[in-house]
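Comments concern the structure below.
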Amino acid sequence: MDRDGNTVFTVGLSAADEMGRVELVNVALSRDPEISIGQVVRPVGLVGVAWENQIGGRMRWGIAYRARDLEPVPVAGSVPASSADAA
């Protein structure tokens with residue numbers, strides 16, 4: 001739940017750069033993203049907020065990510081659902 005009492009969904013995305021390095025990024029959303037595991041998506045309205053906190057006597061820090069939505073990205077060679085339904 002966020003400060004306003006709305007349900008927040010957290011989705012783990014794997015992000016890769018041009019060098020092939022992959023990092024897991026947790027992104028919070030205000031709605032159920034209705035995506036499946038392994039689906040390629042593009043975050044819409046992605047923002048990152050730096051945070052720091054003292055936990056157990058140690059200073060911890062990180063970046064919290066939030067997006068407005070996750071947009072499916074067509075994979076090369078795949079047939080869009082509307083085209084497959086027409087066949």
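Note that the structure is a prediction, hence the values are computed from the model and not measured.
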I'd like to check N6 versus M1 (side-chain heavy atoms, cut-off strictly below 4.5 Å). Are they in contact?
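No; the side chains remain at least 4.5 Å from each other.
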Query - Close side-chain approach of E23 to D17, heavy-atom, < 4.5 Å - result: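 They are not in contact (no side-chain heavy atoms under 4.5 Å apart), so the answer is no.
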side-chain hydrogen bond (donor to acceptor under 3.5 Å, both in side chains) contacts in which one or both residues fall within residues 49-58, not counting sequence neighbours
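For residues 49-58: none.
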Under 4.5 Å between side-chain heavy atoms, chaining through other members, with only Ile, Leu, Val, Met, Phe, Trp and Tyr counted: pull out the rest of the cluster around [X], sorted by chain and number.
X   : answer
L29 : V11, L13, V25, V27, I35, V41, L46, I63, Y65, L70
I55 : none
M19 : none

| Of all heavy-atom pairs between A28 and V8, which one has the smallest distance, and what is that distance? |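 Residues A28 and V8, closest heavy atoms: CB-CG1, 3.6 Å.
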Practice prompt. State, to 0.1 Å, how close S30 and F9 come at their nearest heavy-atom pair, and which atoms those are.
Written response: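 Smallest interatomic distance, heavy atoms only, reads C-CD1, 4.4 Å.
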Q. Between the side chain of D69 and the main-chain N/O of E71, is any donor-acceptor distance below 3.5 Å?
A.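 The answer is no, because no donor-acceptor pair under 3.5 Å joins these two groups.
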**Atom CZ of R31: over 12 foreign heavy atoms under 6.0 Å** =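 Check passes, neighbour count above 12.
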| task | Only counting residues at least two apart or in another chain, list the ones meeting salt bridge (charged side-chain N to carboxylate O under 4.0 Å, His left out) with R68. | result |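 Salt bridge (charged side-chain N to carboxylate O under 4.0 Å, His left out) list for R68, sorted by chain: empty.
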task: Report the residues that fulfil salt bridge (charged side-chain N to carboxylate O under 4.0 Å, His left out) with R60, sequence neighbours left out, ordered by chain and then residue number.
output: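 Here no residue qualifies.
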